[in-house]
Amino acid sequence: MKPIYRGFLLFACILITAITLNSCAKKDHSTDLPKEQQIVGQWGINRVQLRLYSGTTFLKDTIIPNIPKPKNYIVFDAGSGFEFKYNSATSNTGTYQFSGTDSLIAVTPGVTYRWKMLTMTNVLFTIMNTSTNDPAFPGLKVETYFTLTR
């Protein structure tokens with residue numbers, strides 16, 4: 001009789017634990033919203049990573065140090081307004097628009113940013129761009145990855 005009782009008690013504990021853990025889990029509904037609504041707001045620039053290539057040969061992977069003056073961020077407002085500030089005392093302002101399903105283009109008077117959107121949740125947004133004419137790396141292909149957080 002004892003083995004049956006122990007088995008029943010073990011099964012009951014497992015069942016109660018499973019119900020408790022499952023019912024307390026919060027679902028992430030951030031991807032339910034369209035990207036036009038998800039992007040709105042201020043995003044802190046958490047990390048900027050560069051990957052350098054010569055042709056198809058990978059050369060170097062590096063992370064640019066954050067030197068906020070006083071803060072590094074990107075702001076997307078609901079009216080297509082855009083502000084970009086990274087390691088600078090001044091910011092670039094302009095407008096942004098989506099292109100296709102995974103591209104984002106922001107235009108400021110001095111710079112046009114063309115990013116491919118990789119990940120977007122309510123707290124994490126990763127974007128990247130590819131350039132072959134970066135004056136800091138002549139003749140190289142440069143992939144720049146931005147990790148943005150709220």
Side-chain angles (χ1 to χ4, degrees), residues 10-11 13-150:
L10 179 62
F11 176 74
C13 287
I14 291 172
L15 183 63
I16 289 170
T17 302
I19 290 171
T20 303
L21 292 177
N22 190 29
S23 66
C24 293
K26 293 191 169 125
K27 305 269 189 237
D28 180 11
H29 294 286
S30 61
T31 57
D32 295 346
L33 296 172
K35 64 186 176 217
E36 292 83 5
Q37 290 177 0
Q38 289 181 52
I39 198 171
V40 173
Q42 181 171 315
W43 295 88
I45 301 174
N46 191 38
R47 183 174 84 164
V48 178
Q49 176 182 357
L50 301 178
R51 293 181 56 92
L52 306 176
Y53 295 87
S54 177
T56 58
T57 305
F58 173 72
L59 298 177
K60 186 176 182 178
D61 187 3
T62 187
I63 296 174
I64 298 175
N66 276 332
I67 307 168
K69 298 178 183 179
K71 191 174 181 180
N72 292 329
Y73 61 88
I74 298 176
V75 176
F76 300 97
D77 71 25
S80 296
F82 170 78
E83 182 179 0
F84 179 89
K85 186 171 184 226
Y86 184 69
N87 290 351
S88 173
T90 60
S91 59
N92 292 332
T93 58
T95 60
Y96 73 93
Q97 67 182 12
F98 292 99
S99 176
T101 59
D102 66 349
S103 294
L104 177 64
I105 301 169
V107 179
T108 66
V111 180
T112 298
Y113 303 94
R114 297 179 187 280
W115 291 305
K116 178 178 174 142
M117 299 183 301
L118 303 175
T119 306
M120 183 185 286
T121 69
N122 60 342
V123 294
L124 177 68
F125 186 25
T126 56
I127 51 180
M128 67 90 63
N129 77 320
T130 303
S131 172
T132 55
N133 59 356
D134 190 322
F137 305 102
L140 298 181
K141 178 175 117 176
V142 180
E143 292 179 352
T144 307
Y145 295 84
F146 288 84
T147 302
L148 311 175
T149 57
R150 287 200 211 251

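Just so you know, these numbers use all the heavy atoms, side chains as well, and skip hydrogens, waters and symmetry mates.
The minimum heavy-atom distance linking W115 with A106 is given by the pair CZ3-CB, 4.3 Å. For the pair E83 and S91, the tightest heavy-atom approach, listed with the atom from each and the gap, is OE2-OG, 3.0 Å. Heavy atoms only, all atoms of each residue included: T130 and E143 are closest at OG1-CG, 4.0 Å. Heavy-atom minimum distance, P109 versus T93: CD-O, 3.2 Å. Across all non-hydrogen atoms, the minimal contact from G94 to T108 is N-CG2, 4.0 Å.
Among N46, I45, T121, the one residue that satisfies the side-chain contact (heavy atoms from CB on, under 4.5 Å) test with T149 is N46. Looking at W43, Y73, Y113 one by one, the single match for ring-ring contact (aromatic ring centres under 6.0 Å, His included) with F82 turns out to be Y113.
The main-chain N or O of P68 is never found under 3.5 Å from a side-chain atom of K85 such that the two would form a donor-acceptor pair. With hydrogens and angles ignored, the 3.5 Å screen pairs no side-chain donor or acceptor of K60 with any backbone N or O of L50. Using a distance-only test at 3.5 Å, with no hydrogens or angles considered, a donor-acceptor pair links the side chain of T126 to the main chain of T119.
In this structure, R51 CZ and T144 OG1 are separated by 11.5 Å, a value rounded to the nearest 0.5 Å. The NZ atom of K141 lies 11.0 Å from the CG atom of L59; values are rounded to the nearest 0.5 Å. In this structure, OG in S103 is found 10.5 Å from CD in Q97, a value given to the nearest 0.5 Å. Atom CG in N122 sits 13.0 Å away from atom CD in Q37 (nearest 0.5 Å). Rounded to the nearest 0.5 angstrom, D134 CG and T132 OG1 are separated by 9.5 Å. Between the OH atom of Y145 and the CG atom of N129 there is a distance of 10.0 Å, given to the nearest 0.5 Å.
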For F125 and M117: C-alpha separation, side-chain torsions, deciding distance, then whether side-chain contact (heavy atoms from CB on, under 4.5 Å) applies. CA-CA 8 Å; F125 186 25; M117 299 183 301; 3.9 Å; yes
* Asked: Does the pair V48 and F146 meet the rule for a side-chain contact (heavy atoms from CB on, under 4.5 Å), with working shown?
  -> CA-CA 5 Å; V48 178; F146 288 84; 3.6 Å; yes
Let me see the working for I39 and Y96 under side-chain contact (heavy atoms from CB on, under 4.5 Å), right down to the final yes or no.
CA-CA 11 Å; I39 198 171; Y96 73 93; 3.9 Å; yes
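In this structure, F76 and V40 have side chains that are not in contact, with every pair of non-hydrogen atoms separated by 4.5 Å or more. Contact annotation: the side chain of N87 approaches that of I64 to within less than 4.5 Å [non-hydrogen atoms, C-beta and beyond].
Within 6.0 Å of atom CZ in R114, 12 or fewer heavy atoms from other residues, nucleotides or ligands are found, so the atom counts as exposed in its surroundings. Counting non-hydrogen atoms of neighbouring residues, nucleotides and ligands closer than 6.0 angstrom, the NZ atom of K116 reaches no more than 12 such neighbours.
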